[in-house]
Amino acid sequence: MNATSKPIVCRLFLCLASAVALPMLFAGEAGVADTTASPFARVRIVGLDEVQWTRGFWADRFDLCRTQMVPQMDALMSGTNYTQFYQNFRIAAGLDKGRYRGAQFNDGDFYKFLEAAAATLAVTNDARVVKKLDEVIDVIARAQRADGYLHTPVLVRQRNGDTNAAPFQDRNNFEMYNLGHLMTAACVHYRVTGRTNFLAVACKAADFLYATFHDAAPEVARSSVCPSHYMGVVELYRVTGNPRYLELARRFFALRDGIKDGGDDNQDRLPFAEQTEAEGHAVRANYLYAGAADLFMETGDTNLWQPLGPIWTNVVTKKMYITGGCGALYDGASPDGAKEQKTITRVHQAYGRNYQLPNTTAYSETCANIGNVLWNWRMFLATGEARFMDVVELALYNSVLSGGSLDGTNFFYTNPLRVTDPLPVELRWSRTRVPFVSSFCCPPNLLRTIAESAGYAYGKSNDAVWVNLYGGSTLATELPGGQKLTLAQETDYPWNGRVRITIKECGGGEFALNLRIPGWAGGASVRINNQPADSSPVSASYFKIRRVWHPGDVVDLDLPMPPRLMAANPLVEEDANQVAVQRGPVVYCLESPDLPHDLRLTDVVIPVNLHLTARYDRRLLGGVVVLEGQAFAQPAGDWTGKLYREFQPANLKPFKVRFIPYSVWANRGPSEMSVWLPLATVEN
Ligand SMILES: [Zn+2]
């Protein structure tokens, strides 16, 4: 599907071959979180078929995703080397024999991969991919039970004669996670291709949930683990207009509020409206918050919106890594220090206490960081506030992209901010990227995020186009007020902050160009047709340029990007007396391949007046800006067998230090790395 062939089957009752009626399909936009008709959204998305990366940072990553990551993921998920994804559906459909293999959430991860493949079609319109997806969707439809239930771990057992296999027997079967991703993937597939085959499967599954959750038993109500289904069912409502799906989303939230024996790990210890802090499993939390924001945009329900403000503030001011990463803990207990011990429950892969942000043992799961993007994107759509896009950008450039290797073949599950050799503690997951991990949720999540990244770049409202992310791109859209608009963006961002936007085509009316001025950007300036703008941009806001535009109008935005030394709140014990380096939206790190051979990472200290120079190195790590300056070596000495010793000042030896972007570390073999580095001790 390309820009000239958007599906226009709006407001018709369609009867599909699968006998599932899809009432009132809306044209909408070919993307995710389509707020085109959302009454409580301030900003609408632009379609994936309306925006395209053209050159530069994101164009390179999209091309890698399209040409390498999607085909390789296809091979992995179609095959049975590591585990089974597609094969589980084939067995459930009766096309093959065998048993179920893999984690209970493999179905959902397979749907994420299908979503990524479908999203690339907005650019490529590749008939082979459309056909391949049709074949896979046909198998998925065959696997689906007549009543709409679709969860291959149970379906395979049933097909193999296990009479004890039934839906919703264990909340950790991840049925809702799987079905939620089915819905989101099907919506993207429909919007991009205009084909209704996948959507019919998703609607049938949602109809099953509608029937099942009508008078749900408490145990069934507790099944909302890793809740992608809030986002999924709201998206299904947006695309079909079927009010039952909106009712279902409301019911999901009402049911979780009725849980009496919940815990923080699944954010169901307290009713949602009473929650004020981010607790528990960080993927589950961020998906819940994203789903609440989605449902708010459709209903205006303040009980959903009100908690999101304090929770967001809690995350951003007390619980988020400088990389935009979420989830400090492998394992923990919550609520910490509860008056009654019996209310304490185990949490895992979870948000920690306020200011508890360990670096070596950081969980910072790629999925949690993507969840941070999904949540903040919806907060932005609801409000139009730049602070939310700042978090989207921070996470994307740092703790999301760090999840994949530069060649797109290896993946991190967790994204630590410090790795030393030896590690001070044994950890469950690999300290290097690997092609496969038994919990394979993150890699296909990364694929769909990159495949859909252009969708975050722009937004639109009645008489305004919003420029959210900077990157070489084109946008051809129609504003809700009817104004047609084509523009081109040229920039080397994030390697420098100079951005040029050229109006290629537009109608004769007035509209606003809203430029995001990031929170880190001091001294930003704007020129319009080479004349300074009437006012100066303010960081952490949108700079609105309202006028009658003409083809050929040029806007130049300059966002100065000096390297900055960053400090953490003194309450973050793990970062005390240390600094990190950031330039623009990119967080940097020091990695051992950039150190002199006789120097260990733990020997490096940073002078308080560190002066760094930015230099683009096109041969290094796919082409990155490195930051170079003079740091000091302060040998740590022999600590063997000692926990404490008398302080021994050491002579500082200068050496040339080179920082690289955090997201590209661990692409040069085994290494040590740290984002935070100690300041040099200086004698009076
Ligand atoms: Zn994950």
cation_pi(R378, F296) dist<6.0 Å, angle<=45: no
Flag side-chain contact, heavy atom, 4.5 Å: H181 against M231: no
Beyond-backbone contact of D126 with L121, side-chain heavy atoms, under 4.5 angstrom: yes
N-O pairing of [X] and [Y] below 4.0 Å:
X: D207; Y: K204; answer: no
X: R238; Y: D34; answer: no
X: E247; Y: R250; answer: no
X: K112; Y: D109; answer: yes

Of all pairs that satisfy salt bridge (charged side-chain N to carboxylate O under 4.0 Å, His left out), the ones with a partner from residues 425-442, not counting sequence neighbours: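 As it turns out, the salt bridge (charged side-chain N to carboxylate O under 4.0 Å, His left out) pairs with a partner in residues 425-442, which skip direct neighbours, are D331-R428.
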Salt bridge (charged side-chain N to carboxylate O under 4.0 Å, His left out) contacts touching residues 148-160 (sequence neighbours left out): R157-D162
Under the side chain to side chain donor-acceptor pair (under 3.5 Å) test, residues paired with Y230 that sit two or more places apart: R256
Could you go through residues 272-279 and list every donor-acceptor pair under 3.5 Å that involves a side-chain atom there, pairing it with any protein atom two or more places apart or in another chain?
{"unit_1": "Q275", "atom_1": "NE2", "unit_2": "Q267", "atom_2": "O", "d": "2.9"}
{"unit_1": "Q275", "atom_1": "NE2", "unit_2": "L270", "atom_2": "O", "d": "3.0"}

F252, Y111, Y245, Y287 screened by ring-ring contact (aromatic ring centres under 6.0 Å, His included) with H229, the one that passes: F252
Those residues that, when tested against D265, pass salt bridge (charged side-chain N to carboxylate O under 4.0 Å, His left out) (two or more places apart): none
For F198, all residues meeting ring-ring contact (aromatic ring centres under 6.0 Å, His included), sequence neighbours excluded: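 ring-ring contact (aromatic ring centres under 6.0 Å, His included) check on F198 returns H189.
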Aromatic ring pairing F168/Y149, orientation class (parallel under 30°, perpendicular over 60°, tilted between):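 Geometry flag for Y149 against F168: perpendicular rings.
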Geometric class of the Y177/F174 ring pair [parallel <30°, tilted 30-60°, perpendicular >60°]: perpendicular
Y363 (side chain) donor-acceptor with A368 (main chain) under 3.5 angstrom: no
